[in-house]
Chemist: 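Before I ask anything, let me first share the structure, which is written out below as structure tokens.
The figures here come from the full heavy-atom set of this structure, side chains too, leaving out hydrogens, waters and symmetry mates.
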Amino acid sequence: MIDTTIFQDKTAVYYTLGCKLNFSETSTIGKTLKEAGIRTARKGEKADICVINTCSVTEVADKKCRQAIHRLVKQHPGAYVVVTGCYAQLKPDQVADIEGVDVVLGAEQKGELMNYLGNLKKHSQGEAITTAAKDIRSFSPSCSRGDRTRYFLKVQDGCDYFCSYCTIPFARGRSRNGCIEEIVEQARQAAAEGGKEIVITGVNIGDFGKTTGESFFDLVKALDQVAGIERYRISSIEPNLLTDEIIEYVSRSRAFMPHFHIPLQSGSDDVLKLMRRRYDTALFASKIRKIKETMPDAFIGVDVIVGTRGETEEYFEDACRFIEGLDVTQLHVFSYSERPGTQALKIDYVVSPEEKHRRSQRLLALSDEKTKAFYTSHIGKEAWVLMEKSKAGTPMHGFTDNYIRVELDHDDQLDNRLVRVRMGEFNEEGTALKGILV
């Protein structure tokens, strides 16, 4: 039993880098500390505890993590500093050597952060406490409210895929998940708190069920029955795990939105093989066709990596032709980053930084074309929009079921409400459609 009396009236700041899953986990850490009597520091207030949840998807991410740690140590002199997350798991000793860091916690320890605060006495040297990736077993549940109207519900963690370019299995361990009964109860709690929309998050959520003998499809059907939750969005799902029965169920479901995010990573079959992905372009194209056949207005976001080792100019041109022919809405484009310990480093052909940038810009331009065409096709149509809170004097915005951003004149009474809107022309920035209440 932890003696929480020493935490009364103590303050904490939280800083998160990386994915939505990280933000969800940080929120859960914050709730745990709050229950122990630790409040979140106000703006400008010096905190007693700093918690930094890190990312390590690229070398740039590592650098941002180090910068964030240095900045928080400087802003909160004397604070007890805890660093966790993917960068902490992958390079714990490097993080522990940063001046001001007290404890570095790996993926297995993150969910038990309270156990490592001690009496908040500063360490003379940072202490790293991690578990080897192959031995990570714990699943820490998380359901957090974002800054807007939606909740982020963690259903799965870790990955068994070991793609050649990726460190996620080393940073988060093998695939594991909570059970449907517990996850549904978290969704019910979110509804009781007034939540209307939930984003289902995880590392490889289509792999859900490995540790409980259940399936992601079972989870989808169970969540759809939770009263009060009006919208679910599937954050990202591997194309080989997005089954036709899931697509068909979403198309007729009560609350699952016609909105998919599917990682492609490359439109070249040769590069997909080098990446050790578990599908080819034919399978990917078939999933897009299935979605559009059942949900013609579905929003489909696609992850693409450019400049991976082995991606010759010819392979990149193959990828561009394939992606141009896909009926998708938006591309999330990432430049390949060398990751220590990955199999991709054994591939000889290296793409220069300048060429990576050129390829990235080309695909971003294509993405803009596809997104604009998708938005334009909806001008004049009506849709239900879940409005989000905004600063006084600024337009409010919200999203349709198929994730079109819509702007309305500011009205606090509309916050977290579903309203019927007719979509007009683009706003001045070209980032949303102007809406009129109907």
Side-chain angles (χ1 to χ4, degrees), residues 2 4 7 12-36 38 40 47 49-57 61-62 64-66 68-69 72 79-96 98 101-118 120 123 126-146 152-160 166-178 182-183 186 201-205 211 235:
I2 300 172
T4 60
F7 301 134
V13 293
Y14 306 92
Y15 194 88
T16 308
L17 300 102
C19 62
K20 291 174 182 175
L21 182 57
N22 266 9
F23 280 87
S24 179
E25 291 172 339
T26 301
S27 178
T28 298
I29 291 170
K31 287 179 184 177
T32 303
L33 268 59
K34 183 178 180 181
E35 290 169 0
I38 301 168
T40 301
I49 305 165
C50 295
V51 178
I52 302 117
N53 195 358
T54 61
C55 172
S56 190
V57 70
D62 288 358
K64 287 182 178 179
C65 292
R66 292 191 294 271
I69 295 167
L72 285 166
Y80 191 86
V81 178
V82 183
V83 183
T84 188
C86 291
Y87 183 43
Q89 173 70 33
L90 290 171
K91 300 179 180 177
D93 294 333
Q94 187 180 108
V95 178
I98 297 175
V101 171
D102 294 290
V103 177
V104 180
L105 301 179
E108 184 78 353
Q109 291 75 28
K110 181 190 296 185
E112 303 295 330
L113 185 144
M114 278 292 301
N115 294 335
Y116 300 96
L117 294 180
L120 300 183
H123 294 202
E127 180 184 6
I129 308 167
T130 62
T131 300
K134 64 181 178 63
D135 297 321
I136 296 172
R137 296 286 184 268
S138 66
F139 176 81
S140 302
S142 173
C143 184
S144 65
R145 187 164 194 162
F152 296 92
L153 176 60
K154 174 184 172 182
V155 303
Q156 183 272 343
D157 203 346
C159 186
D160 293 344
C166 185
T167 58
I168 289 294
F170 309 110
R172 284 189 170 269
R174 304 302 290 266
S175 181
R176 58 203 186 277
N177 55 271
E182 292 171 350
I183 291 169
Q186 288 178 293
T201 65
V203 175
N204 187 357
I205 62 176
T211 51
S235 62

Chemist: Could you tell me if the side chain of Tyr15 sits less than 4.5 Å from the side chain of Leu72, heavy atoms only?
Modeler: yes

Chemist: Could you check Ile205, Val203, Thr26 and say which one makes a side-chain contact (heavy atoms from CB on, under 4.5 Å) with Leu21?
Modeler: Val203

Chemist: Go through the steps to decide whether Leu113 and Leu33 satisfy the test side chain to side chain contact (heavy atoms under 4.5 Å, CB included), and finish with yes or no.
Modeler: CA-CA 9 Å; Leu113 185 144; Leu33 268 59; 4.0 Å; yes

Chemist: Ignoring hydrogens and geometry, is there a side-chain-to-backbone donor-acceptor pair from Arg176 to Ser138 under 3.5 Å?
Modeler: yes

Chemist: I want to check something: taking the side chain as every heavy atom from C-beta on, are Pro141 and Gln186 in contact at a cut-off of under 4.5 Å?
Modeler: yes

Chemist: Find the distance between CD1 (Ile129) and CD (Gln109) and round it off to the nearest 0.5 Å.
Modeler: 7.0 Å

Chemist: Start with the C-alpha gap between Glu127 and Tyr116, add the side-chain angles, then the distance that decides, and say whether side chain to side chain contact (heavy atoms under 4.5 Å, CB included) holds.
Modeler: CA-CA 10 Å; Glu127 180 184 6; Tyr116 300 96; over 6 Å; no

Chemist: Indicate yes or no: at least one non-hydrogen side-chain atom of Lys134 is less than 4.5 angstrom from one of Arg174.
Modeler: no

Chemist: Could you measure the distance from the SG atom of Cys159 to the CZ atom of Arg172? Nearest 0.5 Å is fine.
Modeler: 11.5 Å

Chemist: Which heavy atom in Cys55 sits nearest to a heavy atom in Tyr87, and how many Å separate them?
Modeler: O-CB, 3.5 Å

Chemist: Are Asn22 and Lys110 close enough that some pair of their side-chain heavy atoms sits under 4.5 Å apart?
Modeler: yes

Chemist: Do other residues, nucleotides or ligands put more than 12 heavy atoms under 6.0 Å from Lys34 NZ?
Modeler: no

Chemist: Measuring only between side-chain heavy atoms, which start at C-beta, is Thr54 closer than 4.5 Å to Lys91?
Modeler: no

Chemist: Work out which heavy atom in Ser140 is nearest to a heavy atom in Gly111; give both atom names and the distance.
Modeler: OG-CA, 3.4 Å

Chemist: Indicate the atoms forming the closest heavy-atom contact of Val104 with Ala88, along with that distance.
Modeler: CG1-CB, 3.6 Å

Chemist: Answer yes or no: is there a side-chain heavy-atom contact under 4.5 Å between Gln89 and Ile136?
Modeler: yes

Chemist: Please walk me through it: do Ile98 and Arg66 pass side chain to side chain contact (heavy atoms under 4.5 Å, CB included)?
Modeler: CA-CA 8 Å; Ile98 297 175; Arg66 292 191 294 271; 4.3 Å; yes

Chemist: Which heavy atom in Gly202 sits nearest to a heavy atom in Ser235, and how many Å separate them?
Modeler: N-OG, 4.4 Å

Chemist: Roughly how far, to the nearest 0.5 Å, is the OG1 atom of Thr130 from the CD atom of Glu108?
Modeler: 10.5 Å

Chemist: Let me confirm one number: the CG-CD1 distance from Asp102 to Ile49, rounded to the nearest 0.5 Å.
Modeler: 10.5 Å

Chemist: Does a donor on one side chain and an acceptor on the other come within less than 3.5 Å for Ser24 and Ser142?
Modeler: yes

Chemist: Check whether any side-chain N or O of Lys154 sits under 3.5 Å from a backbone N or O of Glu25 as a donor-acceptor pair, and report yes or no.
Modeler: no

Chemist: Using the rule side-chain contact (heavy atoms from CB on, under 4.5 Å), only one of Ile52, Val82, Val81 pairs with Val101; which is it?
Modeler: Val81

Chemist: Can you confirm whether Ser175 sits close enough to Asn204 that some side-chain heavy atom of one is under 4.5 Å from a side-chain heavy atom of the other?
Modeler: no

Chemist: Could you tell me if Thr16 and Asn53 have a donor-acceptor pair between their side chains, going purely by distance under 3.5 Å?
Modeler: no

Chemist: To the nearest 0.5 Å, what is the distance between SG on Cys65 and CG on Leu90?
Modeler: 10.5 Å

Chemist: For the side chain of Ser144 and the backbone of Thr28, is there at least one donor-acceptor N/O pair under 3.5 Å apart?
Modeler: no

Chemist: Looking only at heavy atoms, what is the nearest atom pair of Ala12 and Tyr14, with distance?
Modeler: CB-OH, 3.6 Å

Chemist: Between atom OG of Ser56 and atom CZ of Phe170, what is the distance when rounded to the nearest 0.5 Å?
Modeler: 12.0 Å

Chemist: Phe7 versus Leu120: any side-chain heavy-atom pair under 4.5 Å?
Modeler: yes

